[in-house]
2 protein chains.
Amino acid sequence: MNTPSTPTPVNPMQQLANQLCFPLYAASRMLTKAYQPYLQELELTYPQYLVLLLLWEHEELTVKALGEQLILDSGTLTPLLKRMEQKQWLSRRRDPTDERMVLIRLLPAGRDLQARACHIPKQLLKKLALTSTEFDALRGQLQHILTQLA
Amino acid sequence: MNTPSTPTPVNPMQQLANQLCFPLYAASRMLTKAYQPYLQELELTYPQYLVLLLLWEHEELTVKALGEQLILDSGTLTPLLKRMEQKQWLSRRRDPTDERMVLIRLLPAGRDLQARACHIPKQLLKKLALTSTEFDALRGQLQHILTQLA
DNA sequence: CAAGGTTTAATTGTGCACAATTAAATAATC
DNA sequence: GATTATTTAATTGTGCACAATTAAACCTTG
């Protein structure tokens with residue numbers, strides 16, 4: 001009872017790309033939500049947490065360097081960093097030797113968060129419940145995708 | 001030359017969870033960007049495209065059903081669907097038999113997009129450059145994560 | 001050293017994403 | 001059948017995410 005004038009196309013959601021891209025999109029959002037209970041205690045969002053991860057390593061970074069590491073532009077970072085500045089977690093100042101650049105420096109209150117956040121990765125790993133093998137495979141494939149789409 | 005009073009913690013970004021969660025977060029955003037050139041031609045965003053994928057299959061769905069499939073709540077969907085309604089891709093009306101529900105129905109202009117979008121999945125697959133084996137493994141692992149975090 | 005080009009952030013505007021609240025309709029229970 | 005509880009969308013408010021533009025500082029090259 002299918003009229004030849006309206007050929008039923010392949011079930012669109014069953015298309016291979018959609019079977020991968022939607023789960024990736026959804027998993028990313030679920031993951032952010034999984035962090036939420038831990039980050040909320042620290043009044044932190046996931047992107048802000050990523051900024052701190054980098055500052056805990058380097059103490060001082062330019063906006064550009066942060067943007068390159070996180071693949072985020074100044075349109076995202078500038079207001080985010082201003083919010084973090086207001087909470088005294090970091091400072092923002094122009095580089096005196098090159099006024100184009102803005103130096104983001106970790107402040108004591110931001111350093112203090114490190115100890116309070118150090119348990120988070122372990123909690124997340126537990127939630128994910130991946131074997132070591134699965135973990136490595138997934139990381140590798142995500143890296144492949146990042147490389148491909150870079 | 002390391003003072004014992006400041007024990008250097010494990011490089012935070014090297015923590016296992018961060019080596020997985022950040023790539024997942026980044027890959028998801030890169031993927032959305034990879035769709036952009038194709039979707040832009042159709043004046044469509046990625047979440048709007050996902051709504052259409054479902055409507056191409058079902059013609060009419062409630063907001064609740066869309067939300068369950070896409071893991072999005074009315075706070076996200078209501079304004080998104082209103083924008084799509086304005087473009088005449090779909091209609092929104094209360095279910096007469098249960099006024100709590102809003103029925104989203106595909107309109108002709110929304111149906112027309114199906115033919116214009118049908119090449120997109122193949123283009124994306126090409127960009128991802130995954131072998132069939134990698135593809136299945138990745139899909140399975142993302143599914144695992146979605147299940148774990150559900 | 002002046003003109004033109006490049007680099008770096010900030011700004012502007014649009015569109016998710018989601019928590020929390022509200023409000024209306026329906027269902028359940030007494 | 002009125003009371004209470006549940007379901008469903010909409011609303012409100014905050015915070016990304018990103019394209020496009022702007023503006024200042026710096027660099028280059030003639």
Side-chain angles (χ1 to χ4, degrees), chain A residues 22 25-37 39-52 61-68 70-87 89-90 92-104 149, chain B residues 22 25-37 39-52 61-68 70-87 89 91-104 149:
Chain A
F22 171 69
Y25 159 76
S28 174
R29 287 185 295 118
M30 300 287 275
L31 201 55
T32 302
K33 274 192 232 180
Y35 272 99
Q36 236 272 348
L39 295 179
Q40 189 164 30
E41 287 182 45
L42 312 181
E43 295 181 278
L44 216 49
T45 66
Y46 184 64
Q48 288 171 13
Y49 171 68
L50 293 177
V51 167
L52 283 181
L61 286 167
T62 63
V63 172
K64 179 176 173 53
L66 283 169
E68 280 171 358
L70 302 178
I71 320 178
L72 291 171
D73 68 11
S74 66
T76 301
L77 286 175
T78 297
L80 183 155
L81 293 170
K82 282 180 178 174
R83 282 187 286 272
M84 296 181 76
E85 183 186 32
Q86 285 207 325
K87 301 201 172 186
W89 293 332
L90 50 80
R92 299 162 64 248
R93 65 180 173 92
R94 292 278 167 181
D95 184 337
T97 73
D98 185 343
E99 296 270 346
R100 287 173 304 184
M101 299 193 286
V102 167
L103 295 171
I104 305 301
L149 301 183
Chain B
F22 171 69
Y25 159 75
S28 173
R29 288 186 293 119
M30 298 289 275
L31 201 57
T32 302
K33 275 193 230 179
Y35 272 99
Q36 239 268 347
L39 295 179
Q40 190 165 28
E41 288 181 43
L42 312 181
E43 295 180 279
L44 215 51
T45 66
Y46 183 65
Q48 290 171 11
Y49 171 68
L50 293 176
V51 167
L52 284 180
L61 287 167
T62 63
V63 171
K64 180 176 170 54
L66 282 170
E68 281 172 358
L70 301 178
I71 320 176
L72 291 172
D73 68 11
S74 68
T76 301
L77 284 174
T78 296
L80 182 155
L81 294 169
K82 282 181 177 172
R83 283 187 285 272
M84 297 181 75
E85 184 187 31
Q86 286 207 324
K87 300 202 173 186
W89 293 332
S91 64
R92 299 163 63 249
R93 67 183 172 87
R94 293 277 166 184
D95 184 337
T97 72
D98 185 343
E99 296 270 347
R100 286 173 303 183
M101 299 193 285
V102 166
L103 296 171
I104 304 301
L149 301 183

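Since we're looking at a predicted model, the values are computed, not measured. In what follows, chains carry the letters A, B, and so on, assigned in the order in which the sequence lines appear, proteins first and then strands, with residues in each chain numbered from 1.
- Here the closest heavy-atom approach between residue B/Leu72 and residue B/Thr76 is recorded as CD2-CG2, 4.1 Å.
- For D/dT11, one of the phosphate oxygens OP1 or OP2 lies less than 4.0 angstrom from a side-chain nitrogen or oxygen of B/Lys82.
- Applying the 4.0 Å criterion to OP1 and OP2 of D/dC16, one finds that A/Thr45 has a side-chain N or O inside that range.
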Open item on the list: Could you go through B/Arg94 and B/Glu99, starting from their C-alpha distance and side-chain angles, then the distance that decides it, and tell me whether this counts as salt bridge (charged side-chain N to carboxylate O under 4.0 Å, His left out)?
Closed with: CA-CA 5 Å; B/Arg94 293 277 166 184; B/Glu99 296 270 347; 5.3 Å; no

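- Sorted by first and then second residue, the salt bridge (Lys or Arg N to Asp or Glu O under 4.0 Å) pairs with a member in residues 73-83 of chain A form an empty list; sequence neighbours excluded.
- At C/dG15, none of the side-chain N or O atoms of B/Tyr46 fall inside 4.0 Å of OP1 or OP2 (strictly under the cut-off).
- Taking atom NZ on B/Lys64 and atom P on D/dT6, their separation rounds to 15 Å, with Å as the unit.
- A close approach under 4.0 Å does occur between a side-chain nitrogen or oxygen of A/Thr78 and OP1 or OP2 of C/dA10.
- We find that CZ of B/Arg92 is positioned 13 Å from C1' of D/dT8, with the value rounded to whole Å.
- Heavy-atom distances under 4.0 Å link DNA chain C to A/Arg29, A/Lys33 of residues 28-35 of chain A, given in residue order.
- Relative to the side chain of B/Met101, the nucleotides D/dA9, C/dC16, C/dA9 differ in distance, and D/dA9 lies closest.
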Kindly give the atom pairs (protein nitrogen or oxygen, nucleotide nitrogen or oxygen) under 3.5 Å for nucleotides 25-27 of chain C.
| unit_1 | atom_1 | unit_2 | atom_2 | d |
| --- | --- | --- | --- | --- |
| C/dT26 | OP1 | B/Glu99 | N | 3.1 |

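- Checking the phosphate oxygens (OP1, OP2) of C/dA19, no side-chain nitrogen or oxygen of A/Gln40 falls inside 4.0 Å.
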